[in-house]
Amino acid sequence: MRLYTHSACLQHDPGPGHAESPSRLRAVLQALDHDRFASLDRVEAPRATREQLLRVHTPAHLERIFAGEPADGTAALDEDTAMSPGSLEAALRAAGACVAAVDAVLQGAVARAFCAVRPPGHHATPDRAMGFCLFNNVAVAAAHALAAHGLKRVAIADFDVHHGNGTQDVFAAEPRVLFLSSHQSPLYPDSGYEDEHGAGNIVNGCLSPGADSLEFRELWDGLLLPRLHAFRPQLVLVSAGFDAHRNDPLADLRLGAEDYAWITGRLVELARQHAGGRLVSTLEGGYDLAALAASASAHVAALAE
Ligand SMILES: [Zn+2]
């Protein structure tokens with residue numbers, strides 16, 4: 001089990017009072033700096049290359065992000081997404097971590113990896129930064145698995161409380177990728193309805209505000225995991241957002257850290273059954289620092305089992 005991260009991911013700062021603060025990653029890394037995680041193989045994330053990013057994003061989007069960094073302060077990309085000095089490097093390392101993790105598991109260096117990175121990625125569309133996301137890290141990883149490793153079936157499981165609209169947009173016409181998402185609805189970004197199927201490769205599971213552990217587990221066991229099993233993925237990617245936790249300030253679900261251990265265990269088991277155990281997870285949301293630290297620890301502990 002490998003942990004990819006980079007200190008550059010702490011430099012991206014969307015501004016005072018912003019929910020997606022550097023403290024989030026500090027909280028996760030501090031939680032993983034514990035005896036029980038002593039055996040994690042810690043690796044510094046490389047930068048994603050332009051070629052890797054262009055599999056998912058338009059040249060215009062790359063130019064905007066490469067040229068978007070202000071000399072100081074912040075530069076807004078939309079009402080809740082901004083760049084600061086250091087944001088480009090952070091975004092390149094975040095996407096690069098996911099690419100390197102895919103290479104490592106597909107080359108057999110390690111079975112599973114967690115990318116403790118920010119900015120998050122799953123809202124970034126081919127042509128647009130949004131929802132705190134600059135590059136779509138998990139989508140860049142999936143595209144890399146297809147293009148560089150020739151995989152035919154890559155699954156992305158997204159349990160962030162928000163719909164991964166960007167990931168869905170990237171792969172809606174790409175049947176080699178199955179995208180499954182559980183999320184609160186209605187909620188930002190107002191997409192991910194159950195009638196959105198893409199090319200038959202998109203499965204959205206909606207949870208009402210107030211939904212708890214039982215409803216979350218029923219959704220995965222009843223709808224999402226059976227679809228994932230039927231797909232027989234060669235690689236499992238995970239958009240691991242922890243903002244469905246009951247203490248999270250940005251949403252209204254009522255999960256606890258034990259639910260993240262549960263879904264992670266299910267995904268590890270599925271990866272063992274179909275994908276030779278190969279699973280790469282990357283950090284998305286999670287905005288209550290204590291809940292995030294506890295949930296990410298539970299996730300990584302279950303990945304390491
Ligand atoms: Zn989220």
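We're numbering straight along the sequence, starting at 1.
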J.: In the structure I gave you, are the side-chain heavy atoms of His149 and Asp103 within less than 4.5 Å of one another anywhere?
T.: yes
J.: Do Val56 and Leu77 belong together in a cluster built from hydrophobic side chains that touch within less than 4.5 Å?
T.: yes
J.: Counting only heavy atoms not in Glu51, do more than 12 sit closer than 6.0 Å to its CD atom?
T.: no
J.: Determine whether the side chains of Asp160 and Ser239 contain a donor N or O and an acceptor N or O closer than 3.5 Å.
T.: no
J.: For a 4.5 angstrom cut-off between non-hydrogen side-chain atoms, does Leu283 reach Phe242?
T.: yes
J.: Donor-acceptor pair, Gln184 side chain versus Ala244 backbone, under 3.5 Å?
T.: no
J.: How far does NE2 of His229 sit from CG of Leu224, to the nearest 0.5 angstrom?
T.: 11.5 Å
J.: In terms of hydrophobic clusters joined by side-chain contacts under 4.5 Å, are Val102 and Val236 together?
T.: no
J.: With side chain to side chain contact (heavy atoms under 4.5 Å, CB included) as the criterion, how do Leu178 and Arg153 come out once you've worked through the C-alpha distance, each side chain's angles and the decisive distance to 0.1 Å?
T.: CA-CA 7 Å; Leu178 177 69; Arg153 295 183 310 281; over 6 Å; no
J.: When you group the ILVMFWY residues by side-chain heavy-atom contacts below 4.5 Å and let the links chain together, are Val170 and Leu62 in the same group?
T.: yes
J.: So, Glu194 side chain and Cys206 main chain: donor-acceptor pair closer than 3.5 Å or not?
T.: yes
J.: Using the rule that Ile, Leu, Val, Met, Phe, Trp and Tyr join whenever any side-chain heavy atoms are under 4.5 Å apart, tell me whether Val238 and Phe179 fall into a single cluster.
T.: no
J.: Against Phe216, only a single residue in Leu253, Asp221, Leu207 fulfils side chain to side chain contact (heavy atoms under 4.5 Å, CB included); can you say which?
T.: Leu207
J.: Enumerate, atom names and distances included, each donor-acceptor pair closer than 3.5 Å involving a side-chain atom of residues 297-305, sequence neighbours excluded.
T.:
from   : atom 1 : to     : atom 2 : distance (Å)
Ser297 : OG     : Ala293 : O      : 2.8
His299 : ND1    : Thr264 : OG1    : 2.7
His299 : NE2    : Ser281 : OG     : 2.7

J.: Can you give me the closest heavy-atom contact between Ile156 and Phe171, atom names plus distance?
T.: CD1-CE1, 3.8 Å
J.: Can you tell me how far CG of Leu279 sits from CG of Leu237, rounded to the nearest 0.5 angstrom?
T.: 7.5 Å
J.: Take Thr81 and His123 through the test side chain to side chain contact (heavy atoms under 4.5 Å, CB included) and record every step on the way to the result.
T.: CA-CA 11 Å; Thr81 313; His123 294 306; over 6 Å; no
J.: Minimum heavy-atom separation for Phe66 to Leu92, with atom names?
T.: CZ-CD2, 3.9 Å
J.: Between His57 and Pro126 (side chain of the first, backbone of the second, donor and acceptor by atom type, cut-off under 3.5 Å), is there such a pair?
T.: yes
J.: Of all heavy-atom pairs between Gly68 and Ala75, which one has the smallest distance, and what is that distance?
T.: O-CB, 3.7 Å
J.: So, taking the atom named CE in Met1 and the one named CZ in Phe37, what distance separates them when rounded to the nearest 0.5 Å?
T.: 8.5 Å
J.: Give a yes or no answer on whether the side chain of Ser84 reaches the backbone of His12 with a donor-acceptor pair at less than 3.5 Å.
T.: no
J.: Spell out, as yes or no, whether a donor-acceptor pair under 3.5 Å connects the side chain of Asn201 to the backbone of Arg176.
T.: no
J.: Could Asp127 and Arg64 be called an ion pair, given the rule that one side-chain N must be under 4.0 Å from one carboxylate O?
T.: yes
J.: Test your reading of the model: is there a side-chain donor-acceptor pair from Asp243 to the backbone of Tyr287, 3.5 Å cut-off?
T.: no
J.: Could you walk me through whether Ile65 and His61 pass side chain to side chain contact (heavy atoms under 4.5 Å, CB included), step by step?
T.: CA-CA 6 Å; Ile65 303 299; His61 180 67; 3.7 Å; yes
J.: May I ask you to test the Leu228-Val203 pair for a side-chain heavy-atom distance under 4.5 Å?
T.: no
J.: Treating Ile, Leu, Val, Met, Phe, Trp and Tyr as nodes and any side-chain heavy-atom pair under 4.5 angstrom as an edge, say whether Leu29 and Val43 lie in one connected cluster.
T.: no
J.: Roughly how far apart are Leu32 CG and Thr5 OG1, rounded to 0.5 Å?
T.: 9.0 Å
J.: Counting C-beta onward and ignoring hydrogens, is there a side-chain heavy-atom pair between His162 and Leu187 closer than 4.5 Å?
T.: yes
J.: If you count the non-hydrogen atoms of other residues, nucleotides and ligands that lie under 6.0 Å from CD in Glu258, is the total more than 12?
T.: yes
J.: For the salt bridge (charged side-chain N to carboxylate O under 4.0 Å, His left out) test, which of Arg266, Arg254, Arg217 pairs with Asp259?
T.: Arg217
J.: Could you go step by step and tell me if Leu225 and Leu270 meet the side chain to side chain contact (heavy atoms under 4.5 Å, CB included) rule?
T.: CA-CA 8 Å; Leu225 289 166; Leu270 184 137; 4.3 Å; yes
J.: Hey, could you give me the OG/CD1 distance between Ser213 and Ile263, rounded to the nearest 0.5 Å?
T.: 11.0 Å
J.: Please go through Val117's hydrophobic cluster and name the other residues, only I, L, V, M, F, W, Y counting, with side-chain heavy atoms under 4.5 Å joining them.
T.: none
J.: Consider only side-chain N and O atoms of His183 and Asp158, and report whether a donor and an acceptor are under 3.5 Å apart.
T.: no
J.: Please examine the side chains of Leu146 and Arg55, heavy atoms only from C-beta on, and report whether any two atoms are closer than 4.5 Å.
T.: no
J.: Donor-acceptor pair, distance only, cut-off 3.5 Å: does the side chain of Glu44 make one with the backbone of His6?
T.: no
J.: What's the shortest heavy-atom distance between Ile202 and Ala172, and which atoms?
T.: CD1-CA, 4.1 Å
J.: Show every side-chain hydrogen bond (donor to acceptor under 3.5 Å, both in side chains) that has at least one partner inside residues 132-142, sequence neighbours left out.
T.: Asn136-Thr167
J.: Just checking, any donor-acceptor pair under 3.5 angstrom between side chains of Ser181 and His163?
T.: no
J.: Kindly indicate whether the side chain of Asp288, heavy atoms from C-beta on, has any atom under 4.5 Å from the side chain of Pro249.
T.: yes
J.: Is it true that a side-chain atom of Arg128 and a backbone atom of Thr125 form a donor plus acceptor pair closer than 3.5 Å?
T.: no
J.: Kindly give the heavy-atom pair with the smallest separation between Leu88 and Glu69, and that separation in Å.
T.: N-OE2, 2.8 Å
J.: Are there over 12 heavy-atom neighbours, none belonging to Arg232, within less than 6.0 Å of that residue's CZ?
T.: no
J.: Main chain of Gly192, side chain of Glu196: is a donor-acceptor contact present, judged purely on distance under 3.5 Å?
T.: yes
J.: Taking all heavy atoms of Leu289 and all of Ala27, pick out the closest pair and write down the distance.
T.: O-CB, 4.1 Å
J.: Got a second to check how far Asp80's CG is from Cys133's SG, nearest 0.5 Å?
T.: 9.0 Å
J.: Measuring only between side-chain heavy atoms, which start at C-beta, is Cys98 closer than 4.5 Å to Val138?
T.: no
J.: So, do Gln11 and Glu89 sit near enough that their side-chain heavy atoms are less than 4.5 Å apart?
T.: no
J.: Report yes or no: does Arg2 contribute a side-chain atom to a donor-acceptor pair with the main-chain N or O of Ala101 at less than 3.5 Å?
T.: no
J.: Starting from the C-alpha separation in whole Å, work towards a yes-or-no answer on ring-ring contact (aromatic ring centres under 6.0 Å, His included) for Phe132 and His18.
T.: CA-CA 10 Å; Phe132 317 161; His18 197 289; 4.7 Å; yes
